[in-house]
Amino acid sequence: MPELPEIETIRRQLAPELEGRRVEQLDVLDARWCEPAEPSALEDAVRGRRIERVARRGKYLVLELEDDIHLAMHLRMTGNLLLSHDDERPHLRARFLIEGGKRLLFLDVRRFGTGVVLLGREARDAYFDVRLGPEPLDPDFTAEALRAQTRGRTAPVKAFLLNQERIAGVGNIYADEALFRAKIHPLRPVGALRRPQVAALRDAVVASLEAGIDAKGASIDDFRHSDGAEGSFQDEFLAYGREGEPCVRCGRPIRKIRAAGRGTYFCAYCQRAPRAGKALGSRR
DNA sequence: CGCCCTGTTGGGGA
DNA sequence: ATCCCCAACAGGGC
């Protein structure tokens, strides 16, 4: 379930545990994790260096190490980070030995997750700049900024939200959640949204993400929570994964379609279908 | 038991 | 820009 809120939750839990401590050693157990780089390249770059900050950019968790070395990790679909005293776990892909004895374990059943070392601030910024748009929780993510970004675009609004180059960190679940809250049909051309709808969408994106962060998430600490103890975020969502169940606003059944290649849940009544023949605000 | 489909992501090719 | 497939695996429906 790693979208922006889950990564941010992990970051907040990890920061006080890791910041200021050294990485005594890194073991990359699956070479695919860091392709096309060699595991030894990551292990050598990280070994012995102090973690100055645990940061997040979009869905990436970033260990900012001394000497301006950055390790950006992406959990993809099933990746997970666990703070543990154990050296072995099922689906272990990479293991950090942290000064003081704890281990930071990167677990990933499907092995889609990645780790990349970025040498220098410029390299780090360049890496993110070509992949990620603005952070939705930054103060400058305003309705006007979003409007400027959407104008003239014909992509379905859901595809726009999922595109990390447009907005960083919004995934399939929070995209549906935001559209439901803003009462916007997922297939509406994003450029056709009126000013008030753009404003509603901005607010809904921010509110959905913040709600996700506030929701009690799974702890990454071995001691407070053991393995499968994941909070059921599912219950927090208003439409996602609830095909056929009644819309919380109008009671009509939630529908499922495919949008931008992903399963998409919405209320066909609350979120009006795009009007044919009016793709981009006919006027103006 | 086997087969088929789906999936919290993102990159690549047509 | 857009659709489709792929990565590797688990779980559910039939």
Side-chain angles (χ1 to χ4, degrees), chain A residues 1-11 29-37 56-61 72-81 89-94 106-116 127-133 149-180 186-192 205 208-209 211-213 215 217-218 220 227-228 230-244 255-265 274 279-280:
Chain A
M1 38 159 51
E3 295 191 24
L4 186 155
E6 289 77 37
I7 304 298
E8 176 62 18
T9 299
I10 290 172
R11 188 198 69 76
L29 300 153
D30 180 358
R32 205 168 334 208
W33 188 68
C34 57
E35 273 181 354
R56 179 191 58 75
R57 182 77 169 87
K59 301 176 193 174
Y60 291 86
L61 187 81
M73 294 181 279
H74 198 301
L75 274 48
R76 286 302 231 283
M77 303 263 291
T78 54
N80 204 0
L81 286 167
R89 287 274 171 158
H91 313 300
L92 183 63
R93 308 263 93 91
F106 190 112
L107 313 173
D108 189 0
V109 175
R110 287 176 74 177
R111 303 164 69 191
F112 289 172
T114 57
V116 58
Y127 184 83
F128 289 134
D129 284 350
V130 299
R131 290 171 173 78
L132 302 178
Q149 249 192 313
T150 59
R151 294 206 56 181
R153 298 200 178 277
T154 59
V157 60
K158 169 130 185 194
F160 177 91
L161 291 174
L162 290 181
N163 188 336
Q164 301 301 296
E165 297 173 33
R166 304 276 177 260
I167 302 173
V170 180
N172 198 38
I173 293 174
Y174 289 90
D176 278 7
E177 177 74 4
L179 290 171
F180 180 85
L187 295 181
R188 285 205 61 188
V190 68
V205 166
S208 300
L209 295 174
I213 293 173
I220 40 79
D227 304 52
E230 318 222 337
S232 59
F233 283 93
Q234 202 76 354
D235 298 336
E236 308 293 332
F237 296 107
L238 303 176
Y240 189 88
R242 298 181 165 282
E243 183 180 17
R255 296 247 199 100
K256 182 185 183 184
I257 60 173
R258 281 193 96 73
R262 310 283 181 215
T264 298
Y265 301 85
L280 279 182

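Letters A, B, ... are given to chains in the order of the sequence lines, protein chains preceding strands, and every chain is numbered from 1.
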Roughly how far apart, to the nearest Å, are C/dA7 and B/dG2 at atom P?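 One P to the other, the span is 22 Å.
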
Quick one: does A/R76 reach the base of B/dG7 with a side-chain donor-acceptor pair under 3.5 Å?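 There is none.
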
So does A/R111 get a side-chain nitrogen or oxygen closer than 4.0 Å to the phosphate oxygens (OP1/OP2) of C/dA7?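 Looking at the OP1 and OP2 atoms of C/dA7, neither is under 4.0 Å from any side-chain N or O of A/R111.
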
Side-chain N or O of A/Q164 closer than 4.0 Å to phosphate OP1/OP2 of B/dT9: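 The answer is no; no side-chain N or O of A/Q164 sits under 4.0 Å from OP1 or OP2.
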
Any idea which of [options] is nearest the [X] side chain?
{"X": "A/T154", "options": "C/dA1, B/dG7, C/dA10", "value": "C/dA1"}
{"X": "A/H74", "options": "C/dC9, B/dG7, B/dG10", "value": "B/dG10"}
{"X": "A/K59", "options": "B/dG10, C/dC9, B/dG7", "value": "B/dG10"}
{"X": "A/K256", "options": "B/dG7, B/dT9, C/dA1", "value": "B/dG7"}
{"X": "A/R166", "options": "B/dG10, C/dA1, B/dG7", "value": "C/dA1"}
{"X": "A/E3", "options": "C/dA1, B/dT9, C/dT2", "value": "B/dT9"}

What is the distance from [atom1] of [X] to [atom2] of [N], rounded to the nearest Å?
{"X": "A/N172", "N": "B/dT6", "atom1": "CG", "atom2": "P", "answer": "14 Å"}
{"X": "A/L4", "N": "B/dT9", "atom1": "CG", "atom2": "C1'", "answer": "14 Å"}
{"X": "A/M73", "N": "B/dG10", "atom1": "CE", "atom2": "P", "answer": "16 Å"}
{"X": "A/R131", "N": "B/dG10", "atom1": "CZ", "atom2": "C1'", "answer": "10 Å"}
{"X": "A/L162", "N": "B/dG10", "atom1": "CG", "atom2": "C1'", "answer": "11 Å"}
{"X": "A/D108", "N": "C/dC9", "atom1": "CG", "atom2": "P", "answer": "10 Å"}
{"X": "A/N163", "N": "C/dT2", "atom1": "CG", "atom2": "P", "answer": "9 Å"}
{"X": "A/L132", "N": "B/dG11", "atom1": "CG", "atom2": "P", "answer": "9 Å"}

Strictly below 4.0 Å, N to O, side chains only: are A/R32 and A/E35 in salt-bridge contact?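 No, A/R32 and A/E35 are not salt-bridged.
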
Quick one: does A/L161's side chain get under 4.5 Å of A/I167's, heavy atoms only?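 SC-SC contact between A/L161 and A/I167 confirmed.
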
Check: [X] side chain, [Y] main-chain N or O, donor-acceptor pair, under 3.5 Å:
{"X": "A/E177", "Y": "A/L238", "value": "yes"}
{"X": "A/Q149", "Y": "A/R166", "value": "yes"}
{"X": "A/R242", "Y": "A/F237", "value": "yes"}

Contact class for [X] vs. all strands (heavy atom < 4.0 Å): base, sugar-phosphate, or nothing?
{"X": "A/G113", "value": "nothing"}
{"X": "A/A155", "value": "sugar-phosphate"}
{"X": "A/R93", "value": "nothing"}

Reported CG-to-CZ distance for the pair A/L61 and A/F106, which is rounded to 0.5 angstrom: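 So the gap between those two atoms works out to 9.5 Å.
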
Reading DNA chain C from 5' onward, which residue's closest nucleotide shows up sooner: A/R32 or A/G261?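 By nearest-heavy-atom nucleotide position, the 5'-most residue is A/G261.
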
5' priority, DNA chain C, between A/R262 and A/H91 [closest heavy atom]: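 Result of the comparison: A/R262.
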
Are A/F112 and the base of B/dG10 stacked, counting only ring centres nearer than 5.5 Å and planes tilted under 30°?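 Whether judged by distance or by angle, A/F112 falls short somewhere, so it does not stack on the base of B/dG10.
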
